[in-house]
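Taking it in order: structure first as structure tokens, then the write-up.
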Amino acid sequence: MRHTSIPLLTDKPVPVVGTGAMPLSNARADGTLMPRDEAVALLHHAFDQGLTLVDTADIYAPDGHSVGHNENLVGEAVRTWSGGRDAIVVVTKIGIVRTPGTHGDTWSRDGSRDYLLRAAEASVGQLGFVPDVIINHRVNRELAPYAETVRGMIAVREAGFAPAIGIGNVHGDEARTAWEVSEGTIAAVENERSPRCRGDTDVLEWAIEHGVAFFPWSPFGGGSDAKELPTRYPEFAQVAAELAASTGGEVTAHEVALAWLVAQGPTVVPIPGYTRPTSAESAARAAHLELSAEQKARLDATTGTDTSVFPD
């Protein structure tokens with residue numbers, strides 16, 4: 001596995017492609033969850049491929065009654081992996097509130113200091129250990145100013161719930177506010193980015209400039225875009241064919257999408273999710289793809305819709 005160094009995040013080697021654990025807490029087409037032992041084995045397989053940065057969140061769960069489900073699953077997988085806890089970078093996220101109700105879950109956001117501290121403590125309990133970084137999942141833009149949320153995240157770090165903190169789904173002004181308020185100690189930002197979603201480029205550039213980890217979520221575009229990536233964005237399929245011809249091996253458009261994101265900068269670590277061992281193996285192959293300057297420029301020049309799967 002190819003690694004990068006992100007000192008603000010951790011002193012561990014960071015794989016250039018990570019593991020998104022959210023799909024393991026989503027219902028499958030038949031309405032059932034993947035059996036727990038299969039999910040743990042899948043995570044172990046991803047770690048064995050070198051995909052040793054794992055991303056989770058407190059709200060990743062089948063429903064509002066089981067908040068913490070994914071963290072608990074990730075915690076078990078990390079604790080039982082033969083490579084050991086110290087070899088894995090664990091990222092979790094807090095700040096979205098999922099409340100079960102009679103007619104389904106309701107969703108809100110809470111960026112207050114008290115809530116963030118309670119949520120961080122609960123995340124540590126679900127994981128069974130202190131994660132490497134806790135990220136504020138989404139900004140509560142009804143709570144002004146954003147600086148107060150950043151101070152709440154600093155309190156999370158100072159309380160010992162994580163050695164590093166980050167921000168998520170932010171605009172450029174919010175990233176700059178977080179950097180200033182934290183006195184240059186924000187370690188990570190997790191924003192959507194993919195061939196489809198090219199928005200908030202200033203956040204990407206800010207993260208690279210300051211050595212902040214940038215985790216692109218939904219790196220294939222999400223929903224039908226992910227499945228149809230080769231046809232919706234044919235340039236990625238074309239580059240895949242070129243790389244396959246030059247290497248003599250199979251290369252997919254999805255692997256090129258990951259390689260293209262990695263090529264954006266030394267702190268960019270996309271976090272695709274997996275429900276099959278072959279998907280983890282494909283992501284690991286993508287980590288070793290090298291795009292030429294001309295290929296990267298060609299892919300950079302393609303046009304996405306910049307429409308997020310999830311609204312602000």
Side-chain angles (χ1 to χ4, degrees), residues 6-10 14 18 20 22 53-60 71 89-97 107-120 123 130-159 161-193 197 199-219 261 264-265 267-271 308-312:
I6 311 178
L8 273 175
L9 182 74
T10 179
V14 179
M22 182 180 72
L53 182 144
V54 60
D55 178 89
T56 182
D58 56 358
I59 53 132
Y60 294 166
E71 290 178 318
V89 179
V90 179
V91 180
T92 194
K93 302 181 293 294
I94 59 174
I96 298 179
V97 183
W107 301 78
S108 59
R109 305 176 193 180
D110 194 334
S112 67
R113 180 181 184 277
D114 288 347
Y115 177 81
L116 293 172
L117 284 167
R118 291 197 307 273
S123 288
V130 171
D132 295 87
V133 57
I134 295 180
I135 291 174
N136 176 229
H137 204 157
R138 282 187 176 267
V139 180
N140 180 358
R141 295 188 173 92
E142 296 178 358
L143 177 69
Y146 179 52
E148 290 305 310
T149 293
V150 178
R151 293 188 184 99
M153 292 302 296
I154 292 170
V156 164
R157 183 180 63 201
E158 292 177 343
F161 295 126
I165 55 172
I167 53 179
N169 299 290
V170 294
H171 301 313
D173 59 332
E174 292 160 343
R176 291 186 289 273
T177 293
W179 187 251
E180 180 180 352
V181 171
S182 71
E183 298 181 335
T185 60
I186 291 296
V189 58
E190 187 165 325
N191 270 27
E192 184 178 8
R193 197 162 188 85
C197 184
D200 293 315
T201 298
D202 57 337
V203 177
L204 173 67
E205 294 172 344
W206 165 84
I208 294 169
E209 176 186 356
H210 292 288
V212 174
F214 185 96
F215 301 136
W217 62 267
S218 198
L261 287 166
Q264 301 300 308
T267 63
V268 180
V269 181
I271 46 172
S308 176
V309 173
F310 300 101
D312 265 352

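- The side-chain contact (heavy atoms from CB on, under 4.5 Å) search around A178 returns Y146, V150, I167, I186, not counting sequence neighbours.
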Next item on the list: Assess whether side-chain contact (heavy atoms from CB on, under 4.5 Å) is satisfied between L116 and N136, documenting all intermediate values.
Entry: CA-CA 8 Å; L116 293 172; N136 176 229; 3.9 Å; yes
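- Residues forming a side chain to side chain donor-acceptor pair (under 3.5 Å) with S123 (at least two apart in sequence, or on another chain): E71.
- Heavy-atom minimum distance, V130 versus A162: CG1-CA, 3.7 Å.
- By the side chain to side chain donor-acceptor pair (under 3.5 Å) test, R151 is found to be paired with E148, residues two or more places apart in sequence or in another chain being considered.
- Here the side chains of F214 and R193 are in contact, with some heavy-atom distance below 4.5 Å.
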Result block: side-chain N/O donor-acceptor pairs under 3.5 angstrom for residues 202-213, not counting sequence neighbours:
none

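- Scanning all heavy atoms of the two residues, the minimum distance from R138 to W217 falls at NH2-CZ2, 3.4 Å.
- Under the 4.5 Å side-chain criterion, counting only non-hydrogen atoms from C-beta, V189 is in contact with V170.
- Y60 OH to M22 CE: the interatomic distance, rounded to the nearest 0.5 Å, is 5.5 Å.
- No donor-acceptor contact under 3.5 angstrom links the side chains of S182 and R157, judged on distance only.
- Atom NE2 of H137 is separated from atom CD1 of I96 by 4.0 Å, given to the nearest 0.5 angstrom.
- Side-chain contact between I165 and I154: present, with at least one pair of heavy atoms (C-beta onward) separated by less than 4.5 Å.
- Residues V269 and I6 are in side-chain contact: their nearest non-hydrogen atoms beyond the backbone lie under 4.5 Å apart.
- Considering only heavy atoms from C-beta on, L9 comes within 4.5 Å of V133 through its side chain.
- In terms of heavy atoms, G111 sits closest to T149 at O-OG1, 3.1 Å.
- For D132, the side-chain contact (heavy atoms from CB on, under 4.5 Å) test picks out T10, K12, R85, V89, V90, with sequence neighbours left out.
- Residues G184 and L8 come closest through the heavy atom pair O-CD2, 3.9 Å.
- Minimum heavy-atom separation, G168 to N191: C-OD1, 3.8 Å.
- Remark: A155 pairs with R113, L117 by the side-chain contact (heavy atoms from CB on, under 4.5 Å) rule, at least two apart or across chains.
- S112 and D110 share a side-chain donor-acceptor pair at under 3.5 Å.
- Listed by chain and residue number, nothing satisfies the salt bridge (Lys or Arg N to Asp or Glu O under 4.0 Å) test with D200 (two or more places apart in sequence, or in another chain).
- Contacts of D55 classified as side chain to side chain donor-acceptor pair (under 3.5 Å), with partners at least two apart in sequence or in another chain: K93.
- Side chains of R109 and R141 form a contact here, defined as non-hydrogen atoms less than 4.5 Å apart.
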